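Presented below is the structure to which this report refers.
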Amino acid sequence: MPRGEAVGSVVDVGTGQRIEIPARVGAPPPFAGPTSGQDPFPWSPDPRTGPPVSNARLGMLIFLAFEGMFFAGLIGAFLVYRLGSQFWPPVGQPRLPILVTWANTAILLFSSYTMRGALRAMRMGDRDGLTTGLSWTALLGTTFLIVQGSEWLRLIRHGLTLSAGIYGATFYTVIGCHGLHVLGAVIWLLIARFGSRDMWCSARRQVGVELCGMYWYFVVGLWPVLFALVYLS
């Protein structure tokens, strides 16, 4: 028998004789399958024990869903009055400023890019980049509110008020509610911006900035829908 081999034996069922089968020393035994209760793939990663979405993000998603339903109700009421009117806007009412609002829309949409840069800087540990991104986002949001407010003052001087009829009431209700949300988001941005100095001392502050970004994306993404319905329809 060659060196380095061992002898195993089996019994021939037909003849009853024992047959020796050489096997190499150190060869792995044949796979016999996992025992009861043993993981057949022990190299597979353990399943994730934590939730896929944190409680803070889940709470923000629920809040944004509530806000979406709120604005859906406002849009539905606007469409009921809009489609039920023979003339829109009514005769004698001033027209809404389209060109200025187009430029204002571009300003608000660009703020989503600066917000994205701020969040990316936070994940990379760039505190200066985070501060700059939040500052630009807050500045663009403030510019949007200033331009919109100046246009409202001009419309009021031309007779478009809340008491002027359904046209003015629906306009200030829908667009005004969005403006209040943008104002709240700008205040949140300023709080996050001035709190970003010691942000790396607390992970909670980073989560707060991420939630602020989610809320800002919501108010920015909602505006083109309102602009198309109220200004362009």
Side-chain angles (χ1 to χ4, degrees), residues 45-75 100-150 174-231:
D46 294 331
R48 296 182 61 180
T49 57
V53 181
S54 65
N55 293 334
R57 295 179 181 86
L58 180 60
M60 177 55 70
L61 291 175
I62 295 175
F63 174 74
L64 294 180
F66 170 78
E67 292 281 54
M69 290 186 291
F70 171 74
F71 277 99
L74 292 180
I75 292 173
V100 175
T101 309
W102 267 114
N104 212 23
T105 300
I107 292 174
L108 189 63
L109 292 178
F110 184 73
S111 68
S112 63
Y113 174 77
T114 58
M115 188 69 212
R116 180 173 177 268
L119 295 176
R120 182 171 60 248
M122 183 187 67
R123 298 187 184 100
M124 296 177 60
D126 183 6
R127 182 165 51 185
D128 293 336
L130 171 63
T131 303
T132 302
L134 293 177
S135 300
W136 275 107
T137 306
L139 179 61
L140 293 172
T142 304
T143 303
F144 173 83
L145 291 176
I146 292 174
V147 173
Q148 195 172 67
S150 64
V174 176
I175 303 302
C177 284
H178 179 264
L180 289 177
H181 282 71
V182 175
L183 177 61
V186 169
I187 295 175
W188 194 352
L189 284 170
L190 293 175
I191 295 174
R193 183 254 180 268
F194 290 107
S196 61
R197 300 175 183 176
D198 56 345
M199 189 198 65
W200 272 261
C201 298
S202 174
R204 182 176 299 178
R205 292 183 180 271
Q206 298 186 17
V207 175
V209 174
E210 291 186 6
L211 298 182
C212 181
M214 294 172 61
Y215 188 69
W216 188 257
Y217 288 147
F218 172 78
V219 297
V220 172
L222 178 63
W223 175 249
V225 178
L226 300 181
F227 175 61
L229 287 175
V230 178
Y231 285 82

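Residue indices begin at 1 and follow the sequence shown. Owing to the predicted nature of the structure, the values given are computational and were not obtained by experimental measurement.
Rounding to the nearest 0.5 Å gives a distance of 15.0 Å between OG of Ser112 and CZ of Phe218. The structure places NE2 of His181 at 4.0 Å from OH of Tyr215, a figure rounded to the nearest 0.5 Å. Here CH2 of Trp102 is found 14.0 Å from CD1 of Ile107. Values are rounded to the nearest 0.5 Å.
Taking each heavy atom of Gly179 and Leu145 in turn, the nearest pair found is O-CD2, 3.6 Å. The two residues Phe71 and Val174 come nearest to each other via the heavy atoms CE2-O, 4.3 Å. Nearest approach of His178 to Leu226, heavy atoms of both residues: CB-CD1, 3.7 Å. A pairwise comparison of heavy atoms in Val225 and Gly221 identifies CG2-O, 4.1 Å as the closest pair. Val209 approaches Ala192 most closely through the heavy-atom pair CG2-CB, 4.1 Å. Of all non-hydrogen atoms in Leu130 and Ala121, the two that sit nearest each other are N-CB, 3.5 Å.
Ala106 pairs by the side-chain contact (heavy atoms from CB on, under 4.5 Å) definition with nothing, not counting sequence neighbours. Residues meeting the side-chain contact (heavy atoms from CB on, under 4.5 Å) test with Thr105, sequence neighbours left out: Thr101, Leu109, Trp223, Phe227. Residues passing the side-chain contact (heavy atoms from CB on, under 4.5 Å) test with Trp136 are Thr114, Thr132, Leu139, sequence neighbours excluded.
At least one side-chain heavy atom of Met214 sits under 4.5 Å from a side-chain heavy atom of Leu61. In this structure the side chain of Phe63 never reaches within 4.5 angstrom of the side chain of Leu211, judged on heavy atoms. Here the side chains of Trp216 and Val182 are in contact, with some heavy-atom distance below 4.5 Å. Proximity of Ser111 to Phe144: side-chain heavy atoms (C-beta onward) are nowhere separated by under 4.5 Å. When side chains are defined from C-beta on, Met122 counts as touching Glu210, because their heavy atoms get closer than 4.5 Å. Residues Leu189 and Met115 form a side-chain contact, since some pair of their non-hydrogen atoms from C-beta on lies under 4.5 Å apart.
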